[in-house]
Amino acid sequence: MALFPRCLLRGVSSQIRNLNVMPSSPKFMYESARCSSNTSGVRERTLIAVKPDGVHRRLIGQIIQRFEKRGFQLVGLKMLRVSEELLSQHYSSLCKKAFYPSLLHYMTSGPVVAMVWEGHNVVRSSRMLVGDTNPAEAPSGTIRGDFSIHISRNVIHASDSVDGAQKEIALWFQNSELMEWKCCDHDNLYQF
Ligand code: UDP
Ligand code: MG
């Protein structure tokens, strides 16, 4: 008898299980209805930035990999030195905080890698991937929980709301710097 690798057999058996869910079955109809109402956020976008400490520590690749592995799509990417003017708009709500001058100093201390990522619920999911602002509160497995120990050197920025993300993307990127493209697995990911 021919021997098949175990992983191939597992793949076949899961396909056979899927065949039990026929298009007319109640389970299939429930799944289609539930998921099709969730597709509105597919084009949601967020601003992610690897801060100067993350760039210096050569964490750019590992950070990008976490967003790719999760299934999000990169639509903008650039390396830049951020001006104080841009930062004063980006962090306008924090300008009265005691830590604001040191935040400006930190964010202008070296290059930053700014990105725009797209996908279903990307704003909320990114905040989960990134972890709490204070790395001491960020669980292991999150970017801040794995790569940082102090709130003033927390490696990465992620927009905290859909509205905020739109404003931040418009501040950091020109429209011409954003790529409209469809990833080859897009339909597989989003045709629920
Ligand atoms: N920050 C700081 N000290 C603080 C609070 C914040 O240095 O006590 C810095 C930190 O780099 C943080 C950034 O200010 O990421 C923006 O603060 P925010 O509350 O918006 O946190 P985030 O959205 O980045 O998690
Ligand atoms: Mg914030």
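For ligands, and for the atoms within them, numbers begin at 1 and follow the listed sequence.
Protein heavy atom at the shortest distance from atom 10 (C) of ligand 1 is Ile151 O, 3.4 Å. Of the protein's non-hydrogen atoms, Ser152 CA, 3.7 Å is the one closest to atom 7 (O) of ligand 1. Atom 24 (O) of ligand 1 has its closest protein heavy atom at Arg144 NH2, 3.0 Å. The protein atom (non-hydrogen) at minimum distance from atom 17 (O) of ligand 1 is Leu94 CD1, 3.6 Å. For atom 9 (C) of ligand 1, the closest heavy atom belonging to the protein is Leu103 CD1, 3.8 Å. Protein heavy atom in closest approach to atom 11 (O) of ligand 1: Lys51 NZ, 3.0 Å. Counting protein heavy atoms only, atom 22 (P) of ligand 1 is closest to Thr133 OG1, 3.4 Å.
For Glu180, the side chain to side chain donor-acceptor pair (under 3.5 Å) partners two or more places apart in sequence, or in a different chain, are Arg43, Arg45. Scanning for ring pair (Phe, Tyr, Trp, His ring centres under 6.0 Å) contacts around Phe67 gives Trp117, with sequence neighbours left out.
Within the 4.5 Å cutoff, side-chain heavy atoms of Met115 are placed close to those of Leu74. In this structure, Pro135 and Phe147 have side chains that are not in contact, with every pair of non-hydrogen atoms separated by 4.5 Å or more. Side-chain contact check for Met79 versus Val112: every heavy-atom pair is 4.5 Å or farther apart.
When Tyr106, Phe99, Tyr100 are checked for heavy-atom proximity to atom 2 (C) of ligand 1, Phe99 turns out nearest.
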Run the side chain to side chain donor-acceptor pair (under 3.5 Å) check on His186 and Gln191 step by step: do they pass?
CA-CA 8 Å; His186 183 276; Gln191 280 182 3; over 6 Å; no
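Ligand 1 has at least one atom lying under 4.0 Å from a heavy atom of Asn154. The shell of residues lying under 4.0 angstrom from ligand 1, judged by heavy atoms, includes Arg127. Using a 4.0 Å cutoff on heavy atoms, His150 does not count as a contact of ligand 1. Look at Met107 and you'll find every heavy atom at least 4.0 Å from all atoms of ligand 1.
Under 4.0 Å is where a charged nitrogen must lie from a carboxylate oxygen, and between Arg66 and Asp146 at least one such pair does.
Around the CD1 atom of Ile149, the shell of radius 6.0 Å holds no more than 12 heavy atoms that belong to other residues, nucleotides or ligands.
Close contacts of ligand 1 with Tyr91, meaning ligand atoms under 4.0 Å from a residue heavy atom, involve 16 (C).
Taking all atoms of both residues into account, the shortest heavy-atom contact from Ser126 to Val122 is OG-O, 2.5 Å.
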